[in-house]
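Chain letters run A, B, ... following the sequence lines, proteins first and then strands; every chain starts at 1. Here the structure is a predicted model, which is why all the values come from computation and not from measurement.
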Amino acid sequence: MLELKFPDGALRQYADKITPLEIAAAISPSLAKRVVAAKIAGQLWDLTRPIEGATEPQNFELINRDSPDGLEIIRHDTAHVMAQAIQELYPDTQITIGPNIEDGFFYDFARTEKFSTDDFEKIEKRMKEIVDRDLPITREEWTRDVAIKHFNEIGEKYKASIIEEIIPEGETLTIYKQGDVWKDLCRGPHMPSTGRLGKAFKLMKLAGAYWRGDAKNAQLQRIYGTAWADEKGLQEYLLRLEEAERRDHRKLGRQLDLFHMQEEGKGMVFWHPKGWVLYRILENYIRRMVEKSGYGEVKTPQILDRSLWEASGHWEKFGHAMFTCETEEGEHLAVKPMNCPGHVQIFNQGQKSYRDLPLRMAEMGCCHRFEPSGSLHGIMRVRNFTQDDGHIFCRDDQIFDETKAFCETLAQVYADLDVELHSIKLALRPEIRLGSDETWDYTEKTLKAAAEATGVEVELLPGEGAFYGPKLEFHVKDAIGRTWQCGTLQLDPSTPDRLGAHYTAEDGSKQVPVMLHRAILGTFERFLGIMIENYAGHFPLWLAPVQVVVANITSESEAYASEVVAKLKAVGIRAEIDTRNEKINYKVREHSLGKIPVIAVVGAREATEQKVALRRLGSQEQTILTLDEALLVLVAEGTPPDLR
RNA sequence: GCCGACAUAGCUCAGCUGGUAGAGCUCCCGAUUUGUAAUCGGAUGGUCGCGGGUUCGAUUCCUGCUGUCGGCACCA
């Protein structure tokens, strides 16, 4: 006998080897149709897989198709159906891997001939046929060696190689068969048959992807798809994508006249007046934060002699990404890709004592890097960018406090800018590295503890640190759901040493300081891109390039409109005037689309009473205030958060 | 850099199987003096990304390049 405990707490008894599907059917036939899998003692279980061997009552749950677990199963089943469809249509195709991702799945295929997005229609049609065939999906347990032999025999070299790699010798694995022929290595679970899948799926995009994620390996063809519990879910998802597109910073950048980019300067931003206002407000804000945190701001040369880059190690490690030039006199120069060597030069001026540490240096450092053309993306990934960079020269025992203080400032800045952290990651020691294991133990532990001391969770990235030290990464999401690394703190004992930085310790000995590279925003370009998408162009008053547009109703109130604008400007509000010969409806519409936070309408009434009618973006409400009241309100609201 | 797609007026987009291009908005001109998301009329605007090729003829087909978009790899 089996005893199962249902989510509602009910305890029920069943015959041994009963399947979840039989249990569901016994409860109600409609339930049996709705479910896609079961969960037994926390483990997902195929509906048709007998439950056995349980001596104690097990938690039992049926998974509905629209639950998070259910969607996972639908998506993975869809990936399998897609793979089968493709192999039926294109028999020379080998399957590799096909995991779920957020809102969907992908599957990587190896095939000499190229797929095209034009093939999608045909593939989707075949997938729907496979659903209509209602092929039974069955679970089988195979031994590792039999599986390897089988997949090799049928020409699935990649599959065989995956099994060789991930399944330990002597172990068994599970194979899911779809119909009589098609099979794939899979942990499962899957639905009992393809008919249960439904047809709320869509192939989304086609891309190249390297086998095992390594550019040295063969490039596979990856097809992305999405799948939902029903057609409504699919349509809602597609709508969500369209809405996200409207927030795209590249689109808003043009619409709001913030910046543009062009062929002759790819990966470089032309900031327009409005965009540059935004940039400078952010820059000034971050400058105040940095000053408050005890940094001295500096400015270092844009181009430096190659010998310095050789000394710092950048030439060797980073040379391929550096812009260089040669003078008529034969000097070899390189445009800086980073600010650190310049900062060490400043540190090296004069003699430094342990009393000077920690010494914090900041720079709005304009850098150039030759980024691969395929990696460029709007203003988020560019070749010319400005970092809110800073370097902290300190002793080992100061790393913890400095890191913690940095994390706290970063949290404050992100809160002020309404940017939500997606994750904090700690990149750990790589295979090839400098320094002793003890040093790595200490530095990794210290960074982790310091970040965690601010109450956040840190995700570990083994093997991804720089060769000289571990690195904290602060990631945020853009409108489309992609994550970008913005803030960072990187520990570097190597560069100060290479560039001859030292200080005199208490005991009179010369010591090399450790260097913390850190940036809160990362780069202005990327962070502004994120902010534009995040706010969807609707900036809070303190950030808005144009805060108020004063619009008159008729030319009669033109003089008063000018007076209002002059007064707004006098108290530091970024105001513009719109006295065009247009209806007020037209002006309101235009400035609303231009995402002006406040439209101040003035007509004959306002002019006589020395008032303004304020209309906020996103609201139809009108607030009538005296001009003096309006000035007070707007100045207060337009004050940066750190100055309030 | 690699894979796929795309490139038409300032912007957003039409243009079937080859016969040198069209709309709406914007800009410009004129009329309209208007109370909270588009007033009316008129005019202007394109070597159809760039270079080759096929063809009597190419925006359309082929090809090379450049850029953009979506991924991969790389990275802030």
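- Within the 4.0 angstrom heavy-atom criterion, no nucleotide atom of any strand lies near A:G522.
- If you take NE2 on A:H475 and OG1 on A:T488, they are separated by 8.5 Å, rounding to the nearest 0.5 Å.
- Checked by distance alone, A:Y224 brings no side-chain donor or acceptor within 3.5 Å of a matching partner on the base of B:G4.
- In this structure, A:L203 atom CG and B:G4 atom P are separated by 17 Å, rounded to whole Å.
- Within the structure, a side-chain polar atom (N or O) of A:Q620 is placed less than 4.0 Å from OP1 or OP2 of B:A37.
- Between the side chain of A:E606 and the base of B:G35, at least one donor-acceptor pair of N or O atoms lies under 3.5 Å.
- Here the straight-line distance linking atom CG of A:L489 with atom CD1 of A:I520 works out to 10.5 Å at 0.5 Å rounding.
- Checking A:I624 against A:R580, the closest nucleotide of RNA chain B that is more toward the 5' end is the one next to A:R580.
- Listed nucleotides B:A5, B:G35, B:G67 differ in distance to A:T117; the shortest reach to its side chain belongs to B:A5.
- Heavy-atom neighbours of A:Q302 CD from other residues, nucleotides or ligands within 6.0 Å: above the threshold of 12.
- An OP1 or OP2 oxygen of B:A5 is reached within less than 4.0 angstrom by a side-chain nitrogen or oxygen of A:S116.
- For B:G70, the OP1/OP2 oxygens have a side-chain nitrogen or oxygen of A:H377 closer than 4.0 Å.
- The CG atom of A:N339 sits 13 Å away from the P atom of B:A76 (whole-angstrom rounding).
- Comparing B:U17 with B:U36, their P atoms sit 49 Å apart, to the nearest whole Å.
- At a threshold of 4.0 angstrom between heavy atoms, the contacts of A:Q221 with the nucleic acid are absent.
- Nucleotide B:G35 holds its C1' atom 15 Å from the CG atom of A:L614, rounded to whole Å.
- Residue-level contact check: A:R369 touches the bases, meaning some heavy atom is under 4.0 Å from a base atom.
- Residue A:N585 places at least one side-chain N or O under 4.0 Å from the OP1 or OP2 atom of B:A37.
- Taking a cutoff of 4.0 Å between a charged side-chain nitrogen and a carboxylate oxygen, A:E283 and A:R287 qualify as a salt bridge.
- The base of B:C74 lies close enough to the side chain of A:R381 for a donor and an acceptor atom to sit less than 3.5 Å apart.
- In this structure, A:I599 reaches neither bases nor backbone, as no heavy-atom distance under 4.0 Å exists between it and the strands shown.
- Contact check, A:K251 against B:U12: no side-chain N or O comes under 4.0 Å of OP1 or OP2.
- Contact annotation for A:A613: base contact, defined as any heavy-atom pair under 4.0 Å involving a base atom.
- Contact annotation: A:S373 reaches the phosphate of B:G1 (side-chain N/O to OP1 or OP2, under 4.0 Å).
- Residue contacts shown for A:A207 include a base, since a base heavy atom lies under 4.0 Å away.
- The nearest whole Å value for the distance from the CD atom in A:Q622 to the P atom in B:A37 is 8 Å.
- Under the 6.0 Å distance and 45° angle rule, A:R222 counts as a cation-pi partner of A:F106.
- Distance A:Y210 OH to B:C72 P: 11 Å, rounded to the nearest Å.
- Rounded to whole angstrom, the span from the CD atom of A:E264 across to the C1' atom of B:G49 amounts to 11 Å.
- At B:G35, none of the side-chain N or O atoms of A:Y586 fall inside 4.0 Å of OP1 or OP2 (strictly under the cut-off).
- Rounded to whole Å, atom P of B:C75 lies 11 Å from atom CD of A:Q490.
- In terms of phosphate contacts, A:R250 brings a side-chain nitrogen or oxygen within less than 4.0 Å of OP1 or OP2 of B:G70.
- Within the 4.0 Å cut-off from OP1 or OP2 of B:A73, not a single side-chain nitrogen or oxygen of A:R212 is found.
- The pair A:R433-A:E444 fails the salt-bridge criterion, with no side-chain N (NZ, NE, NH1 or NH2) lying under 4.0 Å from an Asp/Glu carboxylate O.
- Computed from coordinates, the A:E113 CD to B:C3 C1' distance equals 15 Å when rounded to whole Å.
- In this model, the phosphate group of B:G71 is approached by a side-chain N or O of A:R482 to a distance below 4.0 Å at OP1 or OP2.
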